[in-house]
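Sequence lines set the chain letters: A, B, ... in the order given, protein chains first and strands last, and positions in each chain run from 1.
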Amino acid sequence: MTVADLQPAGDAYRPPTDVAARDIMDLAFGLIRVLDDEGMAHGPWIPNLSRDTLVEILGTMFTTRAYDARMMKAQRQGKTSFSMRSRGEEAIGATTAKVMGPDDMCFPTYRQASYLIGRGQDPLVMMNQVYGNAADLNRGTQISGMYTAADLGFFSISGNLATQMPQAVGWAMAAKAKGEPTAALGFVGDGSTAEGDMHAALTFASTYRPPVILAIVNNQYAISTDEEVARGSAQTFAQRGIGYGLPSLRVDGNDVLAIHSATSWARDRALDGHGPTVIEFVTYRASAHSSSDDPTRYRPEDEFDEFPLGDPIKRLRLHLQHLGYTNDQANELDTTIRVMIEAKNDEAEAIGTINTGERPPLSKTFELVYETMPAHLVRQQKQAGLQ
Amino acid sequence: MSAETAAGGTPAPGTTVSMTMIEAIRSAHHVMMERDERVVAFGEDAGAFGGVFRCTEGLQERFGEARCFDTPISELGIVATAIGMAVNGLRPVAEIQFADYVYPGYDQIVSEAARMRFRSAGDFTSPIVVRMPVGGGIYGGNTHSQSPEALFTHVAGLITMIPSNPYDAKGMLISAIECNDPVIFLEPKRVYNGPFDGDHDKPLVPWSKDPRGDVPEGHYTVPIGKAAVARPGNDVTILTYGTMVHVAMNAAEQAQVDAEILDLRTLLPLDLEAIVASVEKTGRCLVVHEATRTSGFGAELSAQVQEECFYSLEAPIVRVAGWDTPYPYSQEWEYFPGPNRVLAGLRRVMED
Ligand SMILES: Cc1ncc(C[n+]2csc(CCOP(=O)(O)OP(=O)(O)O)c2C)c(N)n1
Ligand SMILES: [Mg+2]
């Protein structure tokens, strides 16, 4: 892990949202930060956020962390086959979920559970998906963590990396064509930026200038592979956008205030008709890639402690203390949330898990392959002993 | 009859060691990288980490970063650079992390690697091996379970292979690396660690308890284009490959039918001689694969058997295959064409 070009909190300038991309190229090489190590906010990127909103974001991060830990435990207990956490990077989803409007669309990866929670999804609904039980809205068709929630502006997660990025661009092209005041937010991991899909996304974004934010979550790893393998000879991921003539920001991804402010800047710019923005969020994947991964094989166990941007939850808690929200209050919120997660988990397990209780029937596998089931599937369904 | 009960190919010198299919694949890399400095191995997490299934473990340590390395996550890039390296004299063995992720590289495989020799009048060739784990049975849902063999067998210029046990895996991979045409090497991940027979509730028998897990340490080959008789028999021919070889064995035992099971091993070029010899002997044919049924490789097999063996057939050919839906998650074992479905297929083909 090497994090280049740390800039002190408050140091980066904040240009007007209609600025030309060529005039802010240096923002792709610096780091937009608001919170310093003591939790104090600095500089032109301080967002105008109430304490209550910050506490809500803290709650979303607590919920995500407790939820992730509980689902990993369930995987270890054999109640689901697979689990992926976002520990250390919860701030990005939790905060951007607050920035995007009700009719915007997020094109997430499996690492954005905090976005879904931040949009108000009931963790029980997510647990049912993880357990693939009878109440799973995905009808048991997807491995755990591959949520979908159209009503919350959360696009169906694909297991095929980076495919969502050009789709986000297309969604935004439609918004522009229809003249609707909405924007798309696409997320992609550092490693996945190497896929050709990303080039397509950047090219179409550059050509059609639709209202889209292309967010690269640089959590330092792609499974075992260091982020530098995808980054190559470039200094930052944000700089990718420069070649396409797109404004590109590199942002402290563990700093809720910086995330909020930079994403709002990009969304305002998009809705004002100035086109796409590329944002690199710098963060750290504190847990294993997934339940199938053992990170001790490729990185020091205490590396997270060395990560210069710290833990987003600790950093927001520290900031909130300066605003009069005490550590005790935060602990109380955390405890309440953990109790809630346990209760929801009991509820989900009571419905069913991957090998117990009520499961979606095989008929669900045959449904929704097409709008209307064609004859050959009707036949096969009968052969399978169904109606 | 050309199908052999023993694997055939060049004999293996030296001692045998018990290996899983993963270790056998690793050993094939090792042997070839030792013998031929043009051989390079790469893929996502394939370097120091040794691949998510550990098939390239230890290679970087032994042969250095120039010959075994991590790539950026771009299957397009992996296949395309393999082609470029091959054109310039290397013998690349590229790993795609899961077959489900090969599609960004599909254009490079189909439009480029497969046609390179043909379109350049032999000026340029593409001796690459593209390895990828295939098949279900691991609760991997629709992005870790696919069996896309027919997407490769449909393409002129490609060789498509799929081993069912460690001995074959090593000998076949060595043949693939030595082959001057592009080879798609499919690895049934459900039998990486043992001959999974479809009874998912039973503990897996490890390869260490199976003679097909005894693998020579040195160089040997299992030839391209040769099927193997996995089980000799007289009453019905079962054509299958990969994981389903073991599922078919299980079903044949349960049905107490004297079935001859052909493990096709190479899907293209197909060992038609072995197939015809067996079907002419038994007069019945069951085709079994995990992949979806419509336009699956089983359709090709039934067509060829019908064309070549029509007058020997005593009953219609029966196919057992995956349902024509995406691979599900919760419904894994209702979806997977396990022993019961093969058994039902066997009963049907034995009926008339
Ligand atoms: C097309 C494709 N290739 C490979 C994979 C296998 N795979 C799943 S996650 C992953 C690493 C992704 O790393 P990154 O983009 O950095 O995201 P992170 O997991 O760190 O959030 C890989 C290689 C895949 N899912 N899809
Ligand atoms: Mg990453």
Side-chain angles (χ1 to χ4, degrees), chain A residues 80-82 129 131-134 136 138-144 146 158-163 189-199 222-226 229-232 289 292-293 297-298 352 354 359-369 374 376-377 380-381 383-386, chain B residues 43-54 57 69-78 80 97-98 100-105 107-108 138-146 200-201 292-294 320-335 337 340-341 344-345 348:
Chain A
T80 179
S81 71
F82 189 69
Q129 196 281 334
Y131 289 133
N133 64 25
D136 170 17
N138 276 13
R139 314 164 307 128
T141 62
Q142 285 262 65
I143 56 167
S144 54
M146 306 308 230
S158 173
N160 295 61
L161 298 172
T163 51
D190 48 275
S192 306
T193 60
E195 292 283 8
D197 304 60
M198 191 64 189
H199 171 62
I223 310 187
S224 76
T225 303
D226 198 281
V229 172
R231 181 163 49 78
H289 169 74
S292 318
D293 177 39
R297 296 174 55 94
Y298 54 83
I354 193 66
R359 319 253 315 276
L362 181 63
S363 60
K364 298 294 175 200
T365 305
F366 288 92
E367 288 163 16
L368 301 189
V369 180
H376 72 283
L377 280 183
Q380 289 183 20
Q381 215 184 204
Q383 281 170 21
L386 305 168
Chain B
E44 294 157 17
D45 302 288
F49 193 56
V52 294
F53 288 105
R54 304 280 179 273
E57 189 169 40
F69 52 90
D70 288 332
T71 64
I73 303 173
S74 168
E75 294 73 18
L76 183 169
I78 291 169
Q97 204 161 76
F98 285 86
D100 315 60
Y101 304 139
V102 72
Y103 308 118
D107 183 40
Q108 288 284 341
I138 63 156
Y139 273 113
N142 68 67
T143 54
H144 303 87
S145 311
Q146 295 167 31
H200 59 96
D201 293 332
T292 48
R293 176 185 172 93
T294 299
V320 174
W323 308 121
D324 284 335
T325 74
Y327 205 105
Y329 172 66
S330 300
Q331 303 91 340
E332 171 115 58
W333 298 117
E334 289 116 303
Y335 180 86
N340 287 341
R341 293 236 299 272
R348 244 178 80 209

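- In this structure, the side chain of A:Asn160 engages the main chain of B:Asp100 through a donor-acceptor pair within 3.5 Å.
- By number of non-hydrogen pairs under 4.5 angstrom with chain B, the leading residue of A:Gln383, A:Met146, A:His289, A:Arg231 is A:Gln383.
- The two atoms that bring B:Pro337 and B:Val320 nearest to each other are CB-CG1, 4.0 Å, heavy atoms only.
- For chain A, the nearby part of B:Arg293 is the side chain; its heavy atoms alone come within less than 4.5 Å.
- Neither the backbone nor the side chain of A:Ala162 comes within less than 4.5 Å of any heavy atom of chain B.
- If you measure heavy-atom distances from A:Val229 to chain B, the contacts under 4.5 Å come from both the backbone and the side chain.
- By the ring pair (Phe, Tyr, Trp, His ring centres under 6.0 Å) test, B:Phe49 pairs with A:Tyr298, sequence neighbours left out.
- Heavy atoms of A:Pro361 lying under 4.5 Å from chain B belong exclusively to its backbone.
- Of the possible polar contacts, one joining the B:Gln97 side chain to the B:Glu44 backbone as a donor-acceptor pair under 3.5 Å is found.
- Within the 4.5 angstrom heavy-atom criterion, only backbone atoms of A:Thr141 (N, CA, C, O) approach chain B.
- Of all the listed residues (A:Gln380, A:His376, A:Lys364, A:Met198), the one sharing the greatest number of non-hydrogen pairs under 4.5 Å with chain B is A:Gln380.
- One distance of note links OG of A:Ser292 with NE2 of B:His144; it measures 7.5 Å at 0.5 Å rounding.
- If you measure heavy-atom distances from B:Thr294 to chain A, the contacts under 4.5 Å come from the side chain alone.
- For A:Arg139, the part lying under 4.5 angstrom from a heavy atom of chain B is the backbone only.
- Side-chain atoms of A:Ser144 come within 3.5 Å of backbone N or O of A:Phe82 as a donor-acceptor pair.
- Contact of A:Thr80 with chain B is made through backbone and side chain together, with heavy-atom distances under 4.5 Å.
- For B:Asp45 (side chain) and B:Val52 (main-chain N/O), no donor-acceptor pair under 3.5 Å exists by modelled atom type.
- With a threshold of 4.5 angstrom between heavy atoms, A:Leu377 approaches chain B through side-chain atoms but not through N, CA, C or O.
- The shortest non-hydrogen separation linking B:Gln146 to B:Asn142 is NE2-O, 2.6 Å.
- Between the A:Arg359 side chain and the A:Tyr131 main chain, no donor and acceptor come within less than 3.5 Å of each other.
- Heavy atoms of A:Gln381 lying under 4.5 Å from chain B are absent altogether.
- Contacts of residues 324-334 of chain B with chain A at a heavy-atom distance below 4.5 Å involve B:Asp324, B:Thr325, B:Pro326, B:Tyr327, B:Pro328, B:Tyr329, B:Ser330, B:Gln331, B:Glu334, listed in sequence order.
- The two residues A:Val369 and A:Thr365 make their nearest non-hydrogen contact at CG2-O, 3.5 Å.
- At a 4.5 Å heavy-atom cutoff, A:Asp226 makes no contact with chain B through either its backbone or its side chain.
- Between A:Asp197 atom CG and A:Ser158 atom OG the span is 9.5 Å, to the nearest 0.5 Å.
- For A:Ala230 against A:Thr193, the heavy-atom pair with the smallest separation is CB-OG1, 4.2 Å.
- With a threshold of 4.5 angstrom between heavy atoms, A:Leu161 approaches chain B through side-chain atoms but not through N, CA, C or O.
- Put simply, of A:Gly132, A:Ala194, A:Gly189, A:Ala222, the one with the most heavy-atom pairs under 4.5 Å next to chain B is A:Ala194.
- With hydrogens and angles disregarded, a donor-acceptor distance shorter than 3.5 Å links the side chain of B:Tyr335 to the backbone of B:Trp323.
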